[in-house]
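Here the structure comes first, spelled out in structure tokens, and everything after it is commentary.
First the proteins, then the strands, lettered A, B, ... as listed; each starts at 1.
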There are 2 protein chains.
Amino acid sequence: MTVIFSKKCEYGLQAVLYLSAKGIGEIVSADEIAKKLNIPKEFVSKILQSLTESGLVNSKKGKAGGFSLAKEPSKIRLIDIVAAIDGLGMFNTCVLGFPSCSPDHPCPLHEKWGSLRSSTYNMLTEQTLDELKEKTLNKIAHLEA
Amino acid sequence: MTVIFSKKCEYGLQAVLYLSAKGIGEIVSADEIAKKLNIPKEFVSKILQSLTESGLVNSKKGKAGGFSLAKEPSKIRLIDIVAAIDGLGMFNTCVLGFPSCSPDHPCPLHEKWGSLRSSTYNMLTEQTLDELKEKTLNKIAHLEA
DNA sequence: CTTTAATCAGACAAAAAAATCTGTTTATAG
DNA sequence: CTATAAACAGATTTTTTTGTCTGATTAAAG
Ligand code: SF4
Ligand code: SF4
């Protein structure tokens, strides 16, 4: 079975939400994130490194080092994280896997699926981290309860 | 990157749409389907075999054998094919990959994502093969043009 | 009855995704 | 200055998904 996002992307979103819940300046280690979110440490570490390259996250090396958001939470949209990790291919390739999507010969689901896909894209584009902070805190607090 | 459906499911949907476009009685070989849809033959063959087990498709062995729909196109919903191949897990697990989804501590995207997911589910549940026949024919006709 | 063309069963192989390991560099704290 | 704890780099392993191969069975057609 396959869901919308890759595992990498899911973890990436979780981690960034975690960072934003901690506040803009806070530096958090990959180890802490991994433990709190029950994600393999080395894996989330890799993902955060790649997000650092993408400029969404800052990293600090050495003891007491870790990761923090590179921008204000209100400036980071969910789509930015998705784009950095999974790319935006899912928004312009065919749900049914047909090779090309010409407007004159669209696949049978074009009409119905197309609008759902746009809605999803818009949702990810509109949602910024700051708007999700409270809900994130609530979720995190009750993760291992 | 990962899209909604697995390759298996995409091919399965394509193949079943192809069958329905041919008409209810028509028997079509895996070979023809593979060629027309540019899908690996052995792979689509396996998929159709599994759909046969699921009761959505009939198979006929031997020379002049092949596959056909097991029910009227109006009785086969897209969700049936998805359920048979990928399962319905994608409709009740978390987009963000959080392990549990308790209604009191939903993940940060619950509200927004939940409704999109329901819409997708409903769309797949409402769409039956007969309604897609014309569009499928149009798509197939222009596949290798 | 024999040839042929198909499903079917199940092992196998290749590729991609997910996860782990090993070691290096870097900065803080004592 | 040394010990420690972190990111970082990159190789390696494991697992899942995707795709292929071999042979057996079945049924139609000549
Ligand atoms: S138009 Fe149809 S073929 Fe094209 S991407 Fe949308 S669903 Fe797929
Ligand atoms: S409520 Fe949140 S945690 Fe649960 S499935 Fe929906 S998106 Fe995921």
Side-chain angles (χ1 to χ4, degrees), chain A residues 1-15 19 22 26-70 82 85-87 89-90 93 97 99, chain B residues 1-15 19 26-70 85-87 89-90 93 97 99:
Chain A
M1 202 259 306
T2 314
V3 196
I4 294 229
F5 303 126
S6 69
K7 232 56 181 128
K8 244 187 221 168
C9 195
E10 285 181 3
Y11 293 158
L13 286 163
Q14 285 189 26
L19 286 180
K22 286 290 227 171
E26 290 280 331
I27 291 183
V28 185
S29 73
D31 195 58
E32 172 181 337
I33 296 174
K35 276 179 185 142
K36 288 284 170 52
L37 299 176
N38 293 299
I39 302 177
K41 178 195 164 179
E42 309 294 338
F43 200 24
V44 80
S45 177
K46 273 281 150 57
I47 294 164
L48 284 166
Q49 280 171 41
S50 86
L51 289 176
T52 300
E53 275 187 66
S54 308
L56 293 167
V57 163
N58 283 333
S59 71
K60 191 189 169 197
K61 289 174 146 192
K63 192 165 178 175
F67 299 90
S68 61
L69 293 183
V82 173
I85 300 178
D86 275 351
M90 59 175 297
T93 58
Chain B
M1 200 256 309
T2 314
V3 195
I4 296 229
F5 304 126
S6 68
K7 233 56 181 130
K8 245 187 220 169
C9 194
E10 286 181 3
Y11 292 159
L13 286 163
Q14 285 190 27
L19 285 180
E26 290 282 330
I27 290 182
V28 185
S29 72
D31 195 58
E32 172 180 337
I33 296 174
K35 273 177 187 143
K36 289 285 170 53
L37 299 175
N38 293 300
I39 303 178
K41 178 194 165 181
E42 309 293 339
F43 201 25
V44 79
S45 176
K46 274 281 151 56
I47 294 165
L48 285 166
Q49 281 171 41
S50 86
L51 289 177
T52 300
E53 275 187 64
S54 309
L56 293 166
V57 162
N58 282 333
S59 72
K60 189 189 169 198
K61 289 175 147 190
K63 193 164 178 174
F67 299 91
S68 60
L69 293 184
I85 299 178
D86 275 350
M90 59 176 298
T93 59

- line: Residues of residues 26-34 of chain A with a heavy atom under 4.0 Å from any atom of DNA chain D, listed by number, are A:Ser29, A:Ala30
Nearest heavy atoms of A:Leu51 and A:Ile85, plus distance in Å: CD2-CG1, 3.9 Å
query: Looking only at heavy atoms, what is the nearest atom pair of B:Gly65 and B:Ile27, with distance?
result: C-CG2, 3.7 Å
- prompt: With sequence neighbours left out, what residues match A:Lys22 under salt bridge (Lys or Arg N to Asp or Glu O under 4.0 Å)?
  reply: A:Glu32
- request: To the nearest Å, give me how far apart CD (B:Gln14) and P (D:dT18) are.
  value: 13 Å
Filtered N/O pairs between nucleotides 10-13 of chain D and protein, under 3.5 Å:
{"residue": "D:dG10", "atom": "N7", "partner": "A:Lys46", "partner atom": "NZ", "Å": "3.0"}
{"residue": "D:dG10", "atom": "O6", "partner": "A:Lys46", "partner atom": "NZ", "Å": "2.5"}

message: Strictly below 4.0 Å: does A:Tyr11 bring a side-chain N or O up to OP1 or OP2 of C:dA19?
response: yes
message: Starting the side chain at C-beta, find the nucleotide from D:dC8, D:dG19, C:dA18 nearest to A:Ser59.
response: D:dC8
query: What's the shortest heavy-atom distance between B:Phe5 and B:Asp86, and which atoms?
result: CA-OD2, 3.5 Å
Residue list, ring pair (Phe, Tyr, Trp, His ring centres under 6.0 Å) with A:Phe67, at least two apart or on another chain: none
- request: For the pair A:Ile33 and A:Leu19, evaluate side chain to side chain contact (heavy atoms under 4.5 Å, CB included) and give the outcome as yes or no after the intermediate values.
  value: CA-CA 8 Å; A:Ile33 296 174; A:Leu19 286 180; 4.1 Å; yes
- prompt: Who pairs with B:Asn58 by side-chain hydrogen bond (donor to acceptor under 3.5 Å, both in side chains), at least two apart in sequence or on another chain?
  reply: none
Nucleic acid contacts of residues 60-70 of chain B, taken as heavy-atom distances under 4.0 Å to DNA chain C: B:Lys60, B:Lys61, B:Gly62, B:Lys63, B:Gly65, B:Gly66, B:Phe67
query: Which residues satisfy the side-chain hydrogen bond (donor to acceptor under 3.5 Å, both in side chains) test with A:Ser45, sequence neighbours excluded?
result: A:Gln49
field: B:Ala70 versus B:Val57, closest heavy-atom pair with distance
entry: CB-N, 3.6 Å
message: For B:Glu10 versus A:Gly97, what's the shortest heavy-atom pair and its separation?
response: OE1-CA, 3.1 Å
query: Expressed in angstrom and rounded to an integer, what is the separation of A:Phe43 atom CZ from D:dC8 atom C1'?
result: 17 Å
task: Starting at atom CD of A:Gln49, determine the distance to atom C1' of C:dT20, rounded to an integer number of angstrom.
output: 14 Å
query: Can you check the A:Phe5 CZ to C:dA17 P distance for me, whole Å?
result: 16 Å
Rounded distance in Å - CD (B:Glu53) to P (C:dT7): 15 Å
- line: Contacts of B:Ala34 meeting side-chain contact (heavy atoms from CB on, under 4.5 Å) (sequence neighbours excluded), chain-then-number -> B:Lys41, B:Val44
- prompt: Tell me: NZ of A:Lys41 to P of C:dC21, nearest whole Å?
  reply: 12 Å
statement: Whole-Å distance, A:Leu19 CG to D:dA7 C1', equals 14 Å
task: Using whole Å, report how far CG of B:Leu48 lies from P of C:dT7.
output: 8 Å
